[in-house]
Amino acid sequence: MNTPKIDLLITGVGGQGNILASDIVSEVALAAGFDVKKTDTLGMAQRGGSVISHVRISEKVFSPLIKEGEVDILLAFEKLEGVRWARYLKPGAIVIINNHALPPLSVNLGIDKYPSNEEVNQILKQRTEHIYFVEGTKRVIELGNVKTLNIFMLGCLAAFLSFKLETWQEVIAQHLPSKFLKLNNTAFDLGAKEIKNVHVG
Amino acid sequence: MKKLLSGNEALALGAYHAGIAVATAYPGTPSTEIMEALAHFKDIYAEWSVNEKVAMEVAMGSCYEGARALVSMKQVGLNVAADPFLAVATTGVNAGLVLISADDPGIHSSQGEQDNRHFAELAKVPILEPTDSQSAYDLMAYAFEISEQLDTPVMVRTTTRISHSKSLVDVKEINVMQKRKPGFSRNVQKYVMLPVNARTRHPLMEERMVKLAAFAESFPFNKIEPGERSLGIIANGIGYQYAREVFPKASFLKLGMTYPLPEKLIREFASQVDRILVIEELDPFLEEHIKAMGIKVDGKQFIPRVGELNTDIIESVGRKMELINTPPREKITVSTDLAKRPPLLCSGCPHSGLFYVLASMGQRLKLPGAKDKIPKESGLTITGDIGCYTLGAYPPLNAMDTTACMGASIGHAIGMEKAGSRNKIVAVIGDSTFLHSGITPLVDAVYNQSKITIVILDNGTTAMTGHQEHPGTGISVQGQGVGKVVLEDLIKGIGVKYLKIVDSFNIKEIRTAVKDSLERQELSVIIVRGVCAVRVPKHDVPRKIDTGKCNQCGICLLIGCPAIQTEGKQPIIDVTMCTGCTICQQVCPKQAIGPMSQAKAEAKK
């Protein structure tokens, strides 16, 4: 790994599998010999609320929470949940954002508006130009299982970290039932491929 | 070998390696995963107890019998268990007894914010506080040692951020304790708290505090970490981690035992630094005890008493105190009107139908864009309780008027009725909460001839904390078939004459039962039964709105189902989220909702 520290924020909506994703990247970093701390903040419901995972990778980590303005990489499983945490980004951070909207109830009821892609970009661009919109949900629906989104997103993330592919594969195998392993490995590869070809926002 | 463990997993493993034979708990955020981790060890006895008071009493009995016992609960759980906790503090233990109290600063999932260190002070019991998963693991062995050596229960206090953060743990399995053979030695003076015996116990408790304070002086987890002289920080728990990051050069006194405090060690630290800042979450517990020693410290005049701390807060404290001179990073403008995403009842939730009925009867439902407020006199008062169903309080349902603590819905309803309410009163409570704390108020309602309606939402699980078993499911935490408490038998046995059981997904049945109950001049109980959506992900093929028949009235949106979304004004159903529960189909006045054809549903999967 080139950078001595990685502060990674993974955000999404309850049920999208981002906690598992943060567990996997933490284990990969541990296997690579780093100190790791991770913490999840989630509300009281089973599904549907905002979920944020802080993952900190370094030689020595104290606080499990990342300071505002210090996030190196934001991995957002949903657009609104990406833009919501923009203030955590450090200048020049990398943002990988799933080009998918899950409108909250208030939007469906006509009380709130869902931000357009331009608004999302405009907010994120106050901090960084490195914005990668990926078609995660679209690709995993084509693949045949929406639940592989988290592994697809990790495939995108892996391009920015210098952990070995075998380590990713080993840790993914430890965390997922073997009957879904092949499908998830494909999702990971699709993510890795996607990130190489995306338009930088 | 180093493992990445959450604080809760580390506490569980530490307790297991300390040789516990019995573990008890009632689920509650952020403590739940401690028991879930322990349940994997089949060579100990583990139970979900019916509530925290019983959990404490079972653990007490086990420790009297010579088995090391662990009882874990969330902070408000100790309110429920306070009576036996103070009792075992008085009798002392035989084998070690450790209570894990998981506090929730920031109120991630609780009904209030409280600092449970005060409970330990009240009970004259020592407190150990981990700063990460490693110390959570290590402290458990000490906790049991202290408990046995000083004849006291021990509180291990964690917080959400410690319990729910993962960090590396070096697991020293060499410490694994052998379990003792059970055996209770009758000792009336120690275990039978008649006044005459309790009077002899109190002075022993005071002596115990003196011994504990002496022990704290050399306790290895109370440690000075020397740094620059200009700033000394006394910290505990997660606050220590934030402070270490923000003030890398300061001197630290890290406290792993926060009650009673090591006075000599604190004086020694004070002599090594120019000024002291105490960093702790919630109340100024350490600060006030240290000030009482006559030592000058700064603390809560700078550090917030409310909510969680974090490095941003500590850094801004550092600026305010002129300890940090670098300017803060420029803020960016994120539009503040970003749509919020509060937690919701799931699509296919068995609670939605009941709340829809109550909300429509109480005229609480608001159509999208409607500006009218909820009428003050709705004709219906809905007292609520603790569980996923508390989310029925949110718009568009607005179907809950009170929520206080476990089981309070029934007592509140009785009280409102007896005070002369002109409204009809419905108490809404879940199955696990009813068994936890709803039975005794139901006895009160029968005894005192209350005429309220009680709705028990029976989804067959403790859903909000992550689907734990309870006495109504007849399955143990370790997955075995055990005794099952049948709700209807229990309720009838208490003496309720009018009891109806209805299907969660049948709006007509629910409406008839509620209407009928409200009209009766007697106590009535309705069990609304249907399995939690997370456990039965699909009831039927997804539903579809026929846009030709739909007049966009918006009634289906009032269920608050996350699968029902809008494109412009047109409601649509997200096929990946819909569980086919048919509630929307039943409430649609235009019969515009029906099953998506099987073939189409398959193709979209």
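Neither the backbone nor the side chain of A:Asn145 comes within contact range of chain B; no heavy atoms are under 4.5 Å apart. Contact annotation for A:Leu30: only side-chain heavy atoms (C-beta onward) come within less than 4.5 Å of a heavy atom of chain B. Using a 4.5 Å cut-off between heavy atoms, B:Pro328 makes no contact with chain A at all. Contact annotation for A:Leu102: both backbone and side-chain heavy atoms come within less than 4.5 Å of a heavy atom of chain B. Contacts of A:Ser26 with chain B are made by both backbone and side-chain atoms, with heavy-atom separations under 4.5 Å. The part of A:Pro115 that comes within reach of chain B is its side chain, from C-beta onward, which places non-hydrogen atoms under 4.5 angstrom from that chain. Using a 4.5 Å cut-off between heavy atoms, B:Glu567 makes no contact with chain A at all.
For the atom pair A:Phe62 CZ and B:Thr311 OG1, the distance stands at 12.5 Å (nearest 0.5 Å). A distance of 6.5 Å separates OG in A:Ser63 from CD1 in B:Ile238, rounded to the nearest 0.5 Å. The CD atom of A:Glu68 sits 8.0 Å away from the CG atom of B:Asn310 when rounded to the nearest 0.5 Å. Considering NZ of B:Lys340 and CD1 of A:Ile111, their distance stands at 12.0 Å, rounded to 0.5 Å. To the nearest 0.5 Å, atoms NZ (A:Lys113) and CG (B:Leu338) are separated by 13.5 Å.
Across A:Leu105 and B:Cys561, no two heavy atoms sit closer than the pair CD1-O, 4.4 Å. Residues A:Asn108 and B:Ile564 come closest through the heavy atom pair ND2-O, 3.6 Å. Taking each heavy atom of A:Thr39 and B:His164 in turn, the nearest pair found is OG1-O, 3.3 Å. Of all the heavy atoms in A:Lys37 and B:Ser167, the pair that sits closest is CG-CB, 3.6 Å.
Ranked by non-hydrogen atom pairs under 4.5 Å with chain B, the options A:Asp35, A:Asp23, A:Ile66, A:Val55 are led by A:Asp23. Chain B forms the most heavy-atom pairs under 4.5 Å with one residue out of A:Val61, A:Leu80, A:Leu124, A:Val107, and that residue is A:Leu80. Between chain A and the options B:Asp132, B:Asp312, B:Thr29, the largest number of non-hydrogen pairs under 4.5 Å is found for B:Asp312.
Each side-chain hydrogen bond (donor to acceptor under 3.5 Å, both in side chains) pair with one or both residues in residues 165-178 of chain A, not counting sequence neighbours, would appear here, but there are none.
Looking at residues two or more places apart in sequence or on another chain, you find a side-chain contact (heavy atoms from CB on, under 4.5 Å) between A:Ser116 and A:Glu118, A:Glu119.
Around NZ of A:Lys60, the count of heavy atoms belonging to other residues, nucleotides or ligands within 6.0 Å exceeds 12. Within 6.0 Å of CD on A:Glu142 lie more than 12 heavy atoms contributed by other residues, nucleotides or ligands.
The existence of a salt bridge linking B:Glu245 and A:Arg56 is confirmed by a sub-4.0 Å separation between a basic side-chain nitrogen and an acidic carboxylate oxygen. Comment: A:Glu27 does not engage B:Lys3 in a salt bridge, judged by the lack of any side-chain N to carboxylate O separation of less than 4.0 angstrom.
Between A:Val13 and B:Arg341 the shortest side-chain heavy-atom distance falls below 4.5 Å. Using a 4.5 Å heavy-atom threshold, the side chains of A:Ser106 and B:Tyr394 count as separate.
Between the side chain of B:Arg161 and the main chain of A:Leu65, no donor-acceptor pair closer than 3.5 Å is present.
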